[in-house]
Amino acid sequence: MSRVQLALNVGDLEASIEFYTKLFKTPPAKIRENYANFAIIEPPLKLVLIAGQGEPGTLNHVGVEVESTDEVAAAATRMQAEGAACDIQEATTCCFAVQDKVWVSGPEIPWEIYTVLADASVMHPTEGECCIPEVSSEQVGAAVEQVGVAVKRATACC
């Protein structure tokens, strides 16, 4: 089953966990330092909460979780054929998981299409490293203008 992923920057992780647990009637699938994620069945959603990496209440990143590396590769091939720029990352550690993924450059922000290969004990393999490709200030500005949502990427990372 594929599901959309929304990663949100939060100011109070515990309060956010409590709220989203009630909202979706689902406890977190994973809680780590400054991080929690929910694998929500209905509606199909991977909700990621990240504390300390962006202004609370802003979007950190978006994506689609798929079931296999083959699906990641198929998405990359399809989007490259459509002319989209893609950044393929294999067996990368990000968000306390080892993942195969592709970042597809959208007109506003990149979209992550990924599969989880294994659990990981760290957010990123090295301090200061980020698994999200850089987003230009023009892309951030276009996203804010188009959807009216503050999208801040200076310190955002999954």
Side-chain angles (χ1 to χ4, degrees), residues 1-76 78-79 87 89 91-125 129-133 135 139-140 142-158:
M1 169 186 85
S2 295
R3 60 181 156 211
V4 171
Q5 174 192 326
L6 297 175
L8 306 175
N9 295 316
V10 300
D12 183 335
L13 184 62
E14 293 303 317
S16 296
I17 290 170
E18 183 178 339
F19 173 79
Y20 289 110
T21 296
K22 291 175 184 176
L23 180 65
F24 293 110
K25 299 183 240 171
T26 303
K30 184 185 292 189
I31 300 174
R32 301 289 189 272
E33 182 180 355
N34 295 322
Y35 177 90
N37 78 42
F38 293 77
I40 301 162
I41 295 170
E42 188 58 41
L45 173 66
K46 180 71 162 266
L47 178 64
V48 178
L49 307 176
I50 302 172
Q53 291 194 14
E55 186 175 328
T58 61
L59 181 65
N60 186 287
H61 68 280
V62 292
V64 178
E65 181 181 30
V66 297
E67 291 186 24
S68 71
T69 297
D70 289 343
E71 289 177 82
V72 172
R78 181 175 61 83
M79 292 308 297
D87 179 16
Q89 299 175 352
T92 188
T93 299
C94 182
C95 296
F96 295 97
V98 179
Q99 306 169 352
D100 282 345
K101 66 175 72 184
V102 59
W103 286 97
V104 180
S105 294
E108 295 81 29
I109 59 174
W111 277 75
E112 170 190 33
I113 301 170
Y114 71 99
T115 190
V116 174
L117 304 174
D119 197 37
S121 61
V122 295
M123 181 77 150
H124 309 289
E129 187 170 317
C130 183
C131 54
I132 300 175
V135 177
Q139 287 174 307
V140 171
V144 170
E145 186 175 306
Q146 182 176 10
V147 297
V149 175
V151 180
K152 297 201 176 179
R153 294 283 297 123
T155 60
C157 193
C158 65

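Residue indices begin at 1 and follow the sequence shown.
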Looking at Asn60 and Ala7, would you say the former's side chain and the latter's main chain have a donor-acceptor pair under 3.5 Å? no
Shortest non-hydrogen contact from Pro28 to Phe38? N-CE2, 3.5 Å
Nearest heavy-atom pair of Ile113 and Ala75: which atoms, and what distance? CD1-CB, 3.7 Å
Does a donor on one side chain and an acceptor on the other come within less than 3.5 Å for Tyr114 and Gln5? yes
Answer whether the closest heavy-atom distance between the side chains of Leu47 and Leu8 falls below 4.5 Å. yes
Provide the closest heavy-atom pair for Ala51 versus Leu13 in the form atom of the first, atom of the second, distance. CB-CB, 4.2 Å
Apply side-chain contact (heavy atoms from CB on, under 4.5 Å) to the pair Val116 and Val98, showing each step before the final yes or no. CA-CA 6 Å; Val116 174; Val98 179; over 6 Å; no
Any donor-acceptor N/O pair, Lys30 side chain to Phe96 backbone, under 3.5 Å: yes
Go through the steps to decide whether Asp87 and Val102 satisfy the test side-chain contact (heavy atoms from CB on, under 4.5 Å), and finish with yes or no. CA-CA 5 Å; Asp87 179 16; Val102 59; 5.9 Å; no
Shortest non-hydrogen contact from Trp103 toward Pro110: CE3-CB, 3.9 Å
I need the Gln99 CD to Thr69 OG1 distance, nearest 0.5 Å. 10.5 Å
From His61 NE2 over to Cys95 SG, what is the distance, rounded to the nearest 0.5 angstrom? 5.0 Å
With Arg32 via salt bridge (charged side-chain N to carboxylate O under 4.0 Å, His left out) - residues at least two apart: Asp119
Are the side chains of Trp111 and Ser105 in touch, meaning some heavy atoms are under 4.5 Å apart? no
Heavy-atom closest pair, residues Ser2 and Glu71: OG-OE1, 4.0 Å
Can you tell me if Leu23 has over 12 outside heavy atoms packed within less than 6.0 Å of its CG? yes
Could you tell me the separation between the CG atom of Asp100 and the OG1 atom of Thr92, rounded to the nearest 0.5 Å? 9.0 Å
Hey, could you give me the CD/NZ distance between Glu112 and Lys101, rounded to the nearest 0.5 Å? 4.0 Å
Sequence neighbours left out, cut at 3.5 Å: what donor-acceptor pairs do the side chains of residues 15-22 make with other protein atoms?
residue: Ser16; atom: OG; partner: Asp12; partner atom: O; Å: 3.0
residue: Glu18; atom: OE2; partner: Lys22; partner atom: NZ; Å: 3.1
residue: Thr21; atom: OG1; partner: Ile17; partner atom: O; Å: 2.7

Set out, in order, the CA-CA distance, both residues' side-chain angles and the distance that settles side-chain contact (heavy atoms from CB on, under 4.5 Å) for Val104 and Met79, then state yes or no. CA-CA 7 Å; Val104 180; Met79 292 308 297; 3.9 Å; yes
Between Gln53 (side chain) and Ile50 (backbone), is there a donor-acceptor pair under 3.5 Å? no
Distance, nearest 0.5 Å, that separates CG of Leu49 from OH of Tyr35: 9.0 Å
Side-chain donor-acceptor pair present, Asn9, Thr58, cut-off under 3.5 Å: yes
Distance check, rounded to the nearest 0.5 Å: Leu6 atom CG versus Asn37 atom CG? 12.5 Å
Counting only N and O atoms by type, is there a donor-acceptor contact under 3.5 Å from the side chain of Thr115 to the main-chain atoms of Val66? yes
Ala39 and Lys46 have their tightest heavy-atom pair at CA-CD, 4.4 Å
